[in-house]
**Student:** 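Quick one: the structure is below, questions incoming.
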Protein chains: 2
Amino acid sequence: MNDGSSNTAKPPPADCGGHNGSFSIVSWNVNSVKSRLAHLSDYLTRFSPDVVFLQEIKTETESFPYPEIESLGWTATVKGQKSYNGVAVLTKKKPVLVADALDIDDGGQARYLETELDGRRFICVYVPNGEPPASDPSSKERLIYKEKWLDALNGRIRKLVADGVDFVLGGDFNVIEFDSDVYDPAAFKGSAFTVQEIRSRFKALYFNGLTDALREKSPRSPLYTYWDYRFSAWEKNHGIFLDRLFLSPYFADRLTAADVDAGFRALEKASDHAPVRCVFDLSSAPEDVNE
Amino acid sequence: MNDGSSNTAKPPPADCGGHNGSFSIVSWNVNSVKSRLAHLSDYLTRFSPDVVFLQEIKTETESFPYPEIESLGWTATVKGQKSYNGVAVLTKKKPVLVADALDIDDGGQARYLETELDGRRFICVYVPNGEPPASDPSSKERLIYKEKWLDALNGRIRKLVADGVDFVLGGDFNVIEFDSDVYDPAAFKGSAFTVQEIRSRFKALYFNGLTDALREKSPRSPLYTYWDYRFSAWEKNHGIFLDRLFLSPYFADRLTAADVDAGFRALEKASDHAPVRCVFDLSSAPEDVNE
DNA sequence: GTCACAAACG
DNA sequence: CGTTTGTGAC
């Protein structure tokens, strides 16, 4: 069984929220921001993250619960869509909206949001799932879309790196990088989460010099961020590592901690994803700079 | 505006629940017993009624929430149906199921439940609405069904009275007896709630010597038990008196109180009907017996 | 299993 | 407005 005790949500350390140079960023696939408003408000109040990436808000931009989020002290930059997908970036100061889509012809699916604040980019992504619909299990259409989407993301990231931009790229990547990232690798063999066409495009992100914050710092093993609602997946700890925080070198050098707040998956009416968080010390030059 | 303050739910008097001969019966159209389980549990715990008539439980007999009701100390006798209608009688001791339908050919709509306990009958009814469907506003089919149903009910009641059976007949009668029983009589003129064919059949119940407990004892004026979910009907007190408790002479002679618990209509996620209650003193012979 | 949505009903 | 049912998604 899984009670999430090793990662149950707890009060923030005193240096959270930007004091003393501490800076924290969270990514959370909330599976409907309206249904998750109580949990999200609770998270914001307790951890006071500086930047929050939300995926699957499942509402249109105009219907985002701005009043509730703003009353807690955050401003929301939103790319919404009816029923499906939808991403948002919450920040304490109003950012510049750099882009609300990748350069891809996908009928305007709300999966990408790039914001800039104090010269840094905060990029929220919801990578396509890629599995065929139940009505047409042999269709490759969604897989091809996922491949194209990851190609476009790699193109964008390559450009930011080339331009020397400091950024954090977080979200639900819908990729199982290693067999050890899923409770039952055999069950996902050949799926859009594991096939070579997808894994290779995912790994290309690293070639741009990015660091996976959770892989770097989280003590959790196995490192899961998603547990299906069905089949008692949470109780059996049948999870998958899907949610990621990728750091450009500037942020990677200043990373102090990263973890999965699995306690939020244990709550009543939880999202099927837990929030993932990374913490930075932005107050001083990193240790290795002086070596 | 309507805050229900004159009838807000309050703790029961010390003699509730069968102590000292006090005996109480409630009728409540819950509009889905599953959706109303919290309110119903609250009601049962606070008022401890001896008999409860539920209408519009909107679930099949097997899907009734027996565990929750039984854990509170009641046994449920249920005539359920998928999606629509459905009636139940809750009692503290297991009753005999006398009938779960009237003698009428209606495709088995779950609208009638007659139980016997300690030689008394407790009869729960959900009278057909009778209004035509929106798709065919001139259809008389449902009105005719309502007429037939009330005829069958009258036949049944006549027989019980003739047999000298003591009983309480409670439920949602879907009849506006007098123009003063509705906030806007003009709006219901010619409707299946008020037309002569229905009112005359409804009034025939009285000819069997029954007493309307609420009309007899409730201080409420106007006496409403239903407020539409739409058009802010509750806030404007645009109500209708639809839910009734009819008493055979034995019960009428021992009636001590009857009222509408409108406070339950004021709650969040309320049913559109309030529970109606009558209280008896069954410990001694009634006053007028010795006169 | 938990979402969102669209009908139908009252 | 607030139920139920059905569909589709993940």
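Source: prediction; values computed, not measured. By convention in this document, chain letters (A, B, ...) are assigned in the order of the sequence lines, proteins followed by strands, and residues within each chain are numbered from 1.
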**Student:** Over how many whole Å does the gap from A/H238 atom NE2 to C/dG1 atom C1' extend?
**Tutor:**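 Distance check: A/H238 NE2 to C/dG1 C1' gives 16 Å.
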**Student:** Under 3.5 Å, sequence neighbours excluded: what are the donor-acceptor pairs made by side chains of residues 62-71 of chain A?
**Tutor:**
residue, atom, partner, partner atom, Å
A/Y66, OH, A/T61, O, 2.9
A/S71, OG, A/P67, O, 3.4
A/S71, OG, A/E68, O, 2.8

**Student:** With side chain to side chain contact (heavy atoms under 4.5 Å, CB included) as the test, pick out the partner of A/V127 among A/I198, A/L242, A/L150, A/D172.
**Tutor:**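 Output: one option passes, namely A/L150.
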**Student:** Does anything in residues 28-42 of chain A come within less than 4.0 Å of DNA chain C? Heavy atoms only, and list the residues if so.
**Tutor:**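 Residues of residues 28-42 of chain A under 4.0 Å from DNA chain C: A/S32, A/S35, A/R36.
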**Student:** Could you check A/S232 against A/K82 and say which one's nearest nucleotide on DNA chain C is further toward the 5' end?
**Tutor:**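 Between the two, 5'-proximity favours A/S232.
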**Student:** What residues, two or more places apart in sequence or in another chain, satisfy side chain to side chain donor-acceptor pair (under 3.5 Å) together with B/Y43?
**Tutor:**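 So B/Y43 forms a side chain to side chain donor-acceptor pair (under 3.5 Å) with B/D261.
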**Student:** Tabulated below should be each protein N or O lying under 3.5 Å from an N or O of nucleotides 8-10 of chain C; please produce it.
**Tutor:**
residue, atom, partner, partner atom, Å
C/dG10, OP1, B/R142, NH1, 3.4
C/dG10, OP2, B/R142, NH1, 3.1

**Student:** Under 3.5 Å, side chain of A/K146 to main-chain N/O of A/N174, donor-acceptor pair present?
**Tutor:**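 Checked: pair present.
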**Student:** Would A/Y224 and A/V260 count as a side-chain contact (heavy atoms from CB on, under 4.5 Å) if you check the C-alpha gap in whole Å, the side-chain angles of each, and the deciding distance to 0.1 Å?
**Tutor:** CA-CA 8 Å; A/Y224 296 153; A/V260 182; over 6 Å; no
**Student:** Could you pull out all residues at least two apart from A/R244 that satisfy side chain to side chain donor-acceptor pair (under 3.5 Å)?
**Tutor:**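 Partners of A/R244 by the side chain to side chain donor-acceptor pair (under 3.5 Å) criterion, ordered by chain and then number, come out as A/E177, A/D212.
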**Student:** Of all nucleotides in DNA chain D with an atom under 4.0 Å from a non-hydrogen atom of chain A, which is the first and which the last going 5' to 3'?
**Tutor:**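 Listing 5' to 3', DNA chain D meets chain A from D/dA9 to D/dC10.
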**Student:** So with a 6.0 Å cut-off around CG of A/D136, is the heavy-atom count from everything else above 12?
**Tutor:**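 Atom CG in A/D136 is packed in, count exceeds 12.
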**Student:** Under 3.5 Å, side chain of A/T194 to main-chain N/O of A/F188, donor-acceptor pair present?
**Tutor:**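 Confirmed, A/T194 side chain pairs with A/F188 backbone.
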**Student:** Can A/F193 and A/V182 be said to form a side-chain contact (heavy atoms from CB on, under 4.5 Å), step by step?
**Tutor:** CA-CA 10 Å; A/F193 293 82; A/V182 61; over 6 Å; no
**Student:** Take B/H273 and B/Q55 through the side-chain contact (heavy atoms from CB on, under 4.5 Å) test and state the conclusion after the steps.
**Tutor:** CA-CA 10 Å; B/H273 294 252; B/Q55 302 88 39; over 6 Å; no
